[in-house]
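Below: one structure, written as structure tokens.
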Amino acid sequence: MAKDFSSREENYSQWYNELVVKADLAENSAVRGCMVIKPYGYAIWEKMQAALDKMFKDTGHSNAYFPLFIPKSFFSREADHVEGFAKECAVVTHYRLKKDPNGNGIVVDDEAKLEEELIVRPTSETIIWDTYKNWIQSYRDLPVLINQWANVVRWEMRTRLFLRTAEFLWQEGHTAHATEQEAIEETIQMMNVYAEFAENWLAMPVLKGVKSPNERFAGALDTYCIEALMQDGKALQAGTSHFLGQNFAKAFGVQYLNKENKLTYVWATSWGVSTRLIGALIMTHSDDHGLVLPPKLAPIQVVIIPIYKKEEQLIQISEKIEPIIHKLREKGIAVKYDNRDTYKPGWKFNEYEFKGVPIRLAIGPRDLENGTVEIARRDTLEKEIIPIEGITENIEYLLAEIQKNLFDKALAFRTQNTFKADTWEEFKDMLENKKGFILAHWDGTAETEQKIKEETKATIRLIPFDGDEEGQCIYSGKPSKKRVVFALSY
RNA sequence: CGGGGUGUGGCGCAGUUGGUUAGCGUGCUUGACUGGGGGUCAAGAGGUCGCGAGUUCGAGUCUCGCCACUCCGACCA
């Protein structure tokens, strides 16, 4: 299936594109910029959803669902917000088709023009705040803590599977609070939830921080984010959490009576992660042999491959392996026993290796005689023969070990690819020759940020919370109180 | 949306200065032998050469338009 697979070294983006398609995660569709997420890729998303959903529930949130379509007029209520999204909105103008009078199939019925055009949501702040206005009257109605799992559309010029597509799946949380303090705490809490999810489930270390004004979400007062470093040294924004202040409350008139009987605008947050996380997962762990999945998100955690010549041997192997499969499933481990006779063992080895299955067991007549099994781990590609006795405990341990190893490796990579630059020359040299995260002083102005971006393509990925240190801006030489994180980014 | 590249059986590609019946690898089907890292042999099936016009006696090949993918810019999760 995946012979002639590109290596990361020769062409990283080609490697990524081929991997996504050949590992059966997703493919391009007949609709420009839109992808088909295939069952194996979608299974990863489902695992992500399940874990995140639980974390949202555990922090007091409930799921709801809002419309795909947003009246155009809603969009213009918050000025910054419109400006941020206007250029990439799909617009519904008609509601009916008719047979082409000239006999060429079907055409839009010009008589069925919508009174008011509808925008296909690029994000749901406007429709949600228009709704919250009716839900919130009293301080007793607060906080409102809602999440929705949905698709959104952003008409992107250049698309890449998972990383940037015209339509994508995500979750968007939208909360309303009585006080500024509470809303800020919520924003930070959700950033922390994302960071925890990224590190514990994706085994992907992330930096936490605040976006610079240039990189901030349109309509937000502050955007908190988690940022990960990919193997090619480019940064990927993996999740964002926005403190929206009272912008949307004012735009949509969401007020409540507080305990002093005074009409007050509510404070808002929104936060989201998307199927882009699957791209992040791929570019964090996978190698030239294909996909590498952290056990906690792998649709198949253990694959068992029987090796046999005669039907009779397969029966013997199956009898030996069935109780083990049963025990593993009891422990909640996703096991696949691939006893298909239509593929050879060698072919299967490569197939599951390419698809990133963390653990592979192979068992044949020799093992039956010796009471052993061959166990191979995807992360290190090591294999060894071990006693079949105690195999389930062994696997349980190994899955945890692989999860940890992937995180450690990714963290070591990030550490090795994080640099400090103190001069402009040094900064430019690092961007060109080393890539990675570059910690450098910045004077805090949007102008300097813009100039740096124009001259080097590097952007400020985030401003860390800690690490106060006196210094001078690498570009302007003006005083700076802390280093910020620069990188080339996706 | 601007600039470059690519588009030929499912996938990856070759196809000469325009010339007959469009090839190769892989995959697919059937059978036999096989089976501890993508097996071997044999026999088969499978193509509107991205789409549409044009030039020509003749177009996969030349011209124009469009579409898709891809890389580079502007934009973004």
Side-chain angles (χ1 to χ4, degrees), chain A residues 1-6 11-14 16-18 21-22 27-35 83-89 122-123 151-172 194 211 214-218 223 225-228 235-242 270-280 289-290 305-311 313-314 317 340-354 360-370 372-376 381 383-385 453-454 457 459 461 489-490:
Chain A
M1 53 167 294
K3 295 169 191 172
D4 311 318
F5 174 51
S6 292
N11 189 337
Y12 195 81
S13 61
Q14 192 180 336
Y16 174 85
N17 293 338
E18 285 180 15
V21 172
K22 289 180 175 170
E27 61 189 33
N28 279 309
S29 70
V31 186
R32 182 197 169 93
C34 295
M35 64 178 163
E83 204 181 321
F85 286 104
K87 281 170 281 181
E88 47 188 34
C89 283
T123 178
N151 58 338
V152 284
V153 169
R154 295 179 189 176
W155 214 261
E156 299 291 349
M157 297 301 180
R158 278 179 67 191
T159 60
R160 287 187 76 190
L161 294 171
F162 291 120
L163 297 175
R164 180 170 297 107
T165 46
E167 180 195 14
F168 58 93
L169 305 183
W170 77 344
Q171 61 64 217
E172 46 180 325
Y194 289 152
K211 285 293 184 195
N214 275 354
E215 302 284 322
R216 190 185 287 156
F217 175 75
T223 289
C225 65
I226 58 169
E227 202 78 22
L236 185 87
Q237 184 177 117
T240 47
S241 183
H242 315 290
S270 71
W271 27 274
V273 295
S274 71
T275 37
R276 179 180 237 203
L277 284 176
I278 296 175
H289 298 270
I305 297 169
I307 294 155
Y308 59 95
K309 292 183 186 170
K310 301 175 209 131
E311 182 72 22
Q313 287 173 324
L314 176 61
I317 292 167
R340 287 179 298 176
D341 193 39
T342 45
Y343 293 93
K344 303 273 154 61
W347 190 92
K348 293 177 187 174
F349 285 4
N350 283 285
E351 157 99 353
Y352 293 108
E353 185 170 291
F354 197 82
R360 181 191 73 224
L361 299 182
I363 179 163
R366 263 192 336 246
D367 295 302
L368 287 184
E369 265 176 46
N370 303 332
T372 57
V373 62
E374 183 194 83
I375 188 164
L381 296 169
K383 52 184 179 181
E384 56 177 327
I385 309 285
K453 186 178 175 181
E454 278 163 20
K457 291 180 201 162
T459 49
R461 301 320 303 158
S489 76
Y490 276 95

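Reminder, nothing fancy here: chain letters follow the sequence lines and each chain counts from 1.
On a pure distance criterion of 3.5 Å, a polar donor-acceptor pair joins the side chain of A:E353 and the base of B:rG37. Side chain A:K348 to base B:rG35: no donor-acceptor pair is found below 3.5 Å. Not a single donor-acceptor pair, N or O on each side, falls under 3.5 Å between the base of B:rG38 and the side chain of A:K344.
Separating the P atom of B:rU63 from that of B:rU56 is a span of 16 Å, rounded to the nearest Å. B:rG60 and B:rU48: their P atoms are spaced 13 Å apart (whole Å). Across B:rU61 and B:rC49, the matching C1' atoms stand 10 Å from one another, rounded to whole Å. The separation of B:rU8 from B:rA22, taken at their C1' atoms, amounts to 9 Å, rounded to a whole angstrom. Distance noted for atom P between B:rC66 and B:rG46: 37 Å (whole Å). Taking atom P on both B:rC75 and B:rG39, the two are 49 Å apart, rounded to the nearest angstrom. Using P as the reference atom, B:rG54 and B:rC41 are 49 Å apart when rounded to the nearest Å. Distance check on atom C1': B:rG47 versus B:rG12 gives 16 Å, rounded to whole Å.
A close approach under 4.0 Å does not occur between any side-chain nitrogen or oxygen of A:R158 and OP1 or OP2 of B:rC1. Not one side-chain nitrogen or oxygen of A:T275 sits closer than 4.0 Å to the OP1 or OP2 atom of B:rA77. In this model, the phosphate group of B:rC71 is not approached by any side-chain N or O of A:N11 to a distance below 4.0 Å at OP1 or OP2.
A:D341 has its CG atom 11 Å from the C1' atom of B:rU34, to the nearest Å. What separates CG of A:N214 from P of B:rC75 is a distance of 10 Å, to the nearest Å. The CD1-P distance, from A:I305 to B:rG38, rounds to 12 Å in whole Å. Between the P atom of B:rU70 and the CD atom of A:E18 lies a distance of 12 Å, rounded to the nearest Å.
Residues forming a salt bridge (Lys or Arg N to Asp or Glu O under 4.0 Å) with A:E83 (at least two apart in sequence, or on another chain): none.
Base pairing of B:rU55: no nucleotide in any strand meets the Watson-Crick or G-U wobble criterion (both distances under 3.5 Å). Nucleotide B:rU20: unpaired (no Watson-Crick or G-U wobble partner with both distances less than 3.5 Å). Nucleotide B:rA43: paired with B:rU29 (Watson-Crick or G-U wobble, both distances less than 3.5 Å). Nucleotide B:rG2 forms a pair with B:rC72, judged by Watson-Crick or G-U wobble geometry with both contacts under 3.5 Å.
Comparing B:rU70, B:rA77, B:rC75 by their nearest atom to the side chain of A:E88 picks out B:rC75. Of the candidate nucleotides B:rG36, B:rC69, B:rA77, B:rA77 has the atom nearest to the side chain of A:E156. Taking only side-chain atoms of A:K309, from C-beta outward, the nucleotide of B:rG35, B:rG37, B:rG73 with the closest atom is B:rG35.
In this pair, A:F168 and A:W170 present their aromatic rings perpendicular. The plane angle is above 60°, beyond the 30 to 60° band.
The distance from the CH2 atom of A:W347 to the CZ atom of A:R340 is 5.5 Å, given to the nearest 0.5 Å.
Between A:F217 and A:F85, the ring center distance clears the sub-6.0 Å criterion.
Partner of A:V373 under the side-chain contact (heavy atoms from CB on, under 4.5 Å) criterion, chosen from A:L368, A:I385, A:I363: A:I363.
Position along RNA chain B of the nearest nucleotide to A:S489 versus A:C34 favours A:C34 as the more 5'-ward residue.
Heavy atoms of A:S274 sit under 4.0 angstrom from at least one base atom.
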